[in-house]
There are 2 protein chains.
Amino acid sequence: MALQETKEPVRGMLRNAGLRPTRQRLALAGILFAKGDRHVTAELLHEEALANGVPVSLATVYNTLHQFTGAGLLREVAVEGSKTYFDTNTSNHYHFFSERDGVLMDIPVGKLAVDGLPSPPAGMEVSRIDVLVRLVDKKSG
Amino acid sequence: MALQETKEPVRGMLRNAGLRPTRQRLALAGILFAKGDRHVTAELLHEEALANGVPVSLATVYNTLHQFTGAGLLREVAVEGSKTYFDTNTSNHYHFFSERDGVLMDIPVGKLAVDGLPSPPAGMEVSRIDVLVRLVDKKSG
DNA sequence: ATTTGTGCAAATCGTTTGCATCTGA
DNA sequence: TCAGATGCAAACGATTTGCACAAAT
């Protein structure tokens, strides 16, 4: 029963999500969920996979990210035009975004609250609230 | 002194922003700032300009939107991957976003408040807080 | 006259897709 | 076996850029 302990939880995670635990998916999931919460772009994850000796194609990285998102394992974060960020923390929380280096960081849960939300237009309901706190270098003065 | 009253304020607005009041810029600014707050994409504005008999090129629309943004006349709103939205309301406020039809709406100022913001990482300061309330169709049930 | 803006088409960037090949159950 | 996954390269949509022409000061 004591197989490769690092990979087993990941395998189950994929199974539960109805995704075949393929080489690539196991590797990508391993990278994503190994060390706490992460915020990656497809390109970043692709590079990291290659660096770890897992020769996935960029297309597969995209496919995988979207499948994981669809399965509720990841969450997309809208930051700005082009690049899409994926967040391994799918619980309700908000973000800091460093405009200097394009890095996303979680804002500790429970600290930040949004109050006074007016009711949405008729026939619609809130699906999610995104809060992005944009950061810039403090102007030393 | 009583010239074309509709265009004069726009002309001054551009002058103050250090932008030459060209035909296209006047036309685009006219469309953008004429009737209250608006949320446009480059493509939308382009179509609207053409419909109003102003044959601007899409490239110029992009240039203009960015120049206006740089001059503080517009604000960019990050919604999701691809399209970039520009908002004529540059004051501090937040948005509803209808995922059904891709429409942005202002949330009345003063109603919504963000509390409990933790202090940003050392050397950084908050430049702006974006709040996007995503809406979906209420599931009739 | 000189500087700045404009239009077009080609180039770029992130992302998606079609299709032949491979792989896990 | 065989549905589902992968890789590649071509296709894509939004945005940008290079350069010749036009317009504003």
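Lettering of chains follows the sequences in order, A, B, ..., and the numbering in each one begins at 1.
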Asks: For A/Arg23, does the CZ atom have more than 12 heavy-atom neighbours from other residues, nucleotides or ligands under 6.0 Å away?
Replies: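 Counting neighbours around CZ of A/Arg23, 12 or fewer heavy atoms of other residues, nucleotides or ligands fall under 6.0 Å, so no.
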Asks: Over how many whole Å does the gap from A/Tyr85 atom OH to C/dG14 atom P extend?
Replies: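 From A/Tyr85 OH to C/dG14 P: 11 Å.
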Asks: Atom OH of A/Tyr62 to atom P of D/dC12: distance rounded to whole Å?
Replies: 18 Å
Asks: From CG of A/Leu14 over to C1' of D/dT6, roughly how many Å is that when rounded to an integer?
Replies: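 These atoms are roughly 15 Å apart.
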Asks: Does the ring centre of A/Phe86 sit less than 6.0 Å away from the ring centre of A/His66?
Replies: yes
Asks: C/dG5 phosphate, OP1 or OP2: any side-chain N/O from B/Arg23 under 4.0 angstrom?
Replies: no
Asks: Nearest-nucleotide wise, let me know which of A/Val56 and B/His66 is further upstream toward the 5' end of DNA chain D.
Replies: A/Val56
Asks: Where the side chain of A/Pro21 is concerned, which of D/dT25, D/dT6, C/dA25 is the nearest nucleotide?
Replies: C/dA25
Asks: In whole angstrom, give the distance that lies between atom NZ of B/Lys83 and atom P of D/dA14.
Replies: 5 Å
Asks: Starting from P on C/dG14, measure out to CG on A/Leu58 and report it in whole angstrom.
Replies: 10 Å
Asks: Rounded to the Å, how far apart are B/Leu65 CG and C/dG5 C1'?
Replies: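 Spelled out: CG on B/Leu65 to C1' on C/dG5 is 15 Å.
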Asks: Closest nucleotide of DNA chain D for A/Thr60 versus for B/Glu43: which of these residues is on the 5' side?
Replies: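 Result: A/Thr60.
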Asks: In whole Å, I'd like the distance from the CG atom of B/Leu50 to the P atom of C/dC8.
Replies: 10 Å
Asks: Please check the phosphate of C/dT4 (OP1 and OP2 only) for any side-chain N or O of B/Arg25 closer than 4.0 Å.
Replies: no
Asks: Would you say a side-chain N or O of B/Thr84 is under 4.0 Å from OP1 or OP2 of D/dT15?
Replies: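 For B/Thr84, the contact criterion (side-chain N or O under 4.0 Å from OP1 or OP2 of D/dT15) is met.
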Asks: Testing B/Leu73, B/Thr64, B/Val10, B/Leu45 one by one against B/Leu32 for a side chain to side chain contact (heavy atoms under 4.5 Å, CB included), which residue passes?
Replies: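 So, applying the side chain to side chain contact (heavy atoms under 4.5 Å, CB included) to B/Leu32 and each of B/Leu73, B/Thr64, B/Val10, B/Leu45, only B/Leu45 qualifies.
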Asks: Starting at the 5' end of DNA chain C and moving along, which residue's nearest nucleotide shows up first, B/Leu19 or A/Ala59?
Replies: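 Counting from the 5' end, the first nearest nucleotide belongs to B/Leu19.
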Asks: Heavy-atom distance under 4.5 Å between the side chains of A/Lys83 and A/Val79, does that happen here?
Replies: no
Asks: Quick check on C/dT23: is either OP1 or OP2 less than 4.0 Å from any side-chain nitrogen or oxygen of A/Gln24?
Replies: no
Asks: Under 4.0 Å: is that the gap between some side-chain N or O of B/Thr22 and OP1 or OP2 of C/dT4?
Replies: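 It does not, given that no N or O in the side chain of B/Thr22 lies less than 4.0 Å from OP1 or OP2 of C/dT4.
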Asks: Suppose we call a contact any N or O donor and acceptor under 3.5 Å apart; does that hold for the side chain of A/Arg20 and the base of D/dA3?
Replies: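 Indeed, a donor on one side and an acceptor on the other fall under 3.5 Å apart.
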Asks: Measure from NE2 on A/His46 to C1' on D/dC8 and round the result to the nearest Å.
Replies: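 About 11 Å, once rounded to whole Å.
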Asks: Please examine the side chains of A/Phe96 and A/Val103, heavy atoms only from C-beta on, and report whether any two atoms are closer than 4.5 Å.
Replies: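 Not touching, per the 4.5 Å side-chain cut-off.
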